Amino acid sequence: MDKQYRDKTIVVFNSFKYLFFIVFISSFSFSQTKLDTFLTPSDTLIKPRRNAVVITEASLAGITLIGLNQLWYSDFERSKFHTINDNNEWLQMDKMGHVFASYQIGRFGAQALNWSGVSKKDQLIYGATLGFGFLATVEILDGFSQEWGFSWGDIVANASGTGLYIGQELLWNEQRIHLKFSFHQTKYATQAPDKLGDGFLEQVLKDYNGQTYWLSANLHDFFKQSKIPEWLNLAVGYSADGMLQGIKDVDNDLLTNKNRQRQFYLSFDVNLNKIRTNSRFLKSVFNIFNVLKVPFPALEFNRKGCVFHLLYY
């Protein structure tokens, strides 16, 4: 049985999308000078900012969990708490999604506390762990649903994403390696729109065949005395292809499941956070869009050999 948490991901994604929408709409009510002042992280604790961050995050998390429980889980039979092993599904692309979500939610959580002037220690304890805590709660809800179950593989993936952020902050006091995402539409979604998405926005979240997850390392951060452009990154990507369902269907081997394969990529990328600008608003925009890998030429490595892409995204 496939663990189709992806539709729940849409609900989670929309909740956090509303947070950024509210922030940007509020920002336009300021003059440019006031806007830059408002968006500038504080060196000392500003309690109203901290309280606003905590209340907003708690409200969004609470509303999302209640919504999932009432609108999603209520449609399926409840059960005693149980676990499942779904580690062999989707060639682990779903696990990469968990790593990515935990890393990004934790990153924004820590940055929000940094904006309010909270100490570095508290940023890592209460901000960077936001993604792990939230996704672990969703996993517990899965455990009480007959349709799914609590997955230790998902928990490990969530912990990996949080660990990637916290580990770099402890080691380097900065994020030298970013976890990024790219997507392209595939032919498989039209064959299984119920599983892989009907329309572009659903396919971004559901069609694992079109997703690629990247570890994007900033070269200048590792060679600070060099003349390498500060914005230039080297990226290593992972994706999979040929999947209509979670596991390979041996009885249906003549269809696309026959061609399931892993794919690895080597490419360049742009660290948008390294683009110099005096506008705090633009820095905030760059920071948000830095979750996406910028299209570049790429080398693909798969079981058939090596393929060059003039522009991969």
Side-chain angles (χ1 to χ4, degrees), residues 1-6 9 84-103 151-161 163-164 177-197 200 202-217 219 233-270 291-313:
M1 180 185 299
D2 295 340
K3 183 171 182 266
Q4 298 177 11
Y5 79 96
R6 295 159 297 164
T9 305
I84 62 169
N85 183 352
D86 61 347
N87 295 331
N88 65 337
E89 295 185 6
W90 300 108
L91 295 179
Q92 293 74 54
M93 284 297 293
D94 60 322
K95 298 297 180 283
M96 292 301 300
H98 276 269
V99 176
F100 177 79
S102 182
Y103 173 85
S151 169
W152 283 109
D154 288 351
I155 291 295
V156 171
N158 297 338
S160 299
L164 177 62
I177 303 174
H178 289 262
L179 188 56
K180 294 194 175 189
F181 174 84
S182 65
F183 176 80
H184 61 273
Q185 288 184 291
T186 72
K187 61 184 179 182
Y188 306 111
T190 57
Q191 301 178 47
D194 58 325
K195 291 181 178 294
L196 304 181
F200 179 78
E202 281 194 14
Q203 291 168 15
V204 170
L205 296 172
K206 287 185 170 187
D207 187 1
Y208 291 130
N209 301 284
Q211 297 177 0
T212 305
Y213 293 95
W214 303 84
L215 285 175
S216 181
L219 298 176
N233 281 21
L234 183 65
V236 176
Y238 172 71
S239 71
D241 189 64
M243 302 177 293
L244 290 180
Q245 56 189 20
I247 59 176
K248 183 176 181 179
D249 188 351
V250 178
D251 294 332
N252 210 17
D253 204 40
L254 294 177
L255 297 180
T256 183
N257 284 298
K258 175 182 179 181
N259 301 316
R260 294 162 65 97
Q261 66 173 350
R262 306 176 192 277
Q263 297 159 153
F264 300 90
Y265 300 89
L266 183 64
S267 181
F268 288 108
D269 185 30
V270 175
V291 303
L292 303 177
K293 199 269 186 189
V294 176
F296 262 100
L299 286 175
E300 174 189 333
F301 303 91
N302 56 48
R303 65 187 180 191
K304 297 179 182 179
C306 180
V307 179
F308 174 74
H309 297 273
L310 184 60
L311 193 66
Y312 184 85
Y313 52 91

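Here the structure is a predicted model, which means the values were calculated and not measured. In what follows, residues are counted from 1 in the order of the sequence shown.
- Applying the side chain to side chain contact (heavy atoms under 4.5 Å, CB included) rule to Ala159 yields the partners Phe132; only residues at least two apart in sequence or on another chain are considered.
- Every residue two or more places apart in sequence or in another chain that forms a side chain to side chain contact (heavy atoms under 4.5 Å, CB included) with His309 is listed here: Tyr265, Glu300, Val307, Tyr312.
- Leu310 contributes atom CG, which lies 12.0 Å from atom CZ of Phe296 (distance to the nearest 0.5 angstrom).
- With sequence neighbours excluded, the residues that form a salt bridge (Lys or Arg N to Asp or Glu O under 4.0 Å) with Lys180 are Asp269.
- Between Lys304 atom NZ and Asn259 atom CG the span is 6.0 Å, to the nearest 0.5 Å.
- Scanning for side-chain hydrogen bond (donor to acceptor under 3.5 Å, both in side chains) contacts around Asn158 gives His98, with sequence neighbours left out.
- Remark: of the listed residues Ile177, Asn233, Leu234, Ile177 is the sole one forming a side-chain contact (heavy atoms from CB on, under 4.5 Å) with Leu215.
- Electrostatic pairing of Arg260 and Asp241 does not count as a salt bridge here, judged by no charged N lying under 4.0 Å from a carboxylate O.
- The main-chain N or O of Asn87 is found under 3.5 Å from a side-chain atom of Asn85 such that the two form a donor-acceptor pair.
- Every residue two or more places apart in sequence or in another chain that forms a ring pair (Phe, Tyr, Trp, His ring centres under 6.0 Å) with Phe183 is listed here: Phe200.
- For Ser160, there are no side-chain hydrogen bond (donor to acceptor under 3.5 Å, both in side chains) partners, not counting sequence neighbours.
- Interatomic distance, CG of Asp207 versus NE2 of His184, reported as 8.0 Å (0.5 Å rounding).
- Panel note: side chain Gln211, backbone Val204; a donor-acceptor pair is recorded below 3.5 Å.
- A distance-only check finds no donor-acceptor pair linking the side chain of Thr212 to the backbone of Tyr238 [under 3.5 Å].
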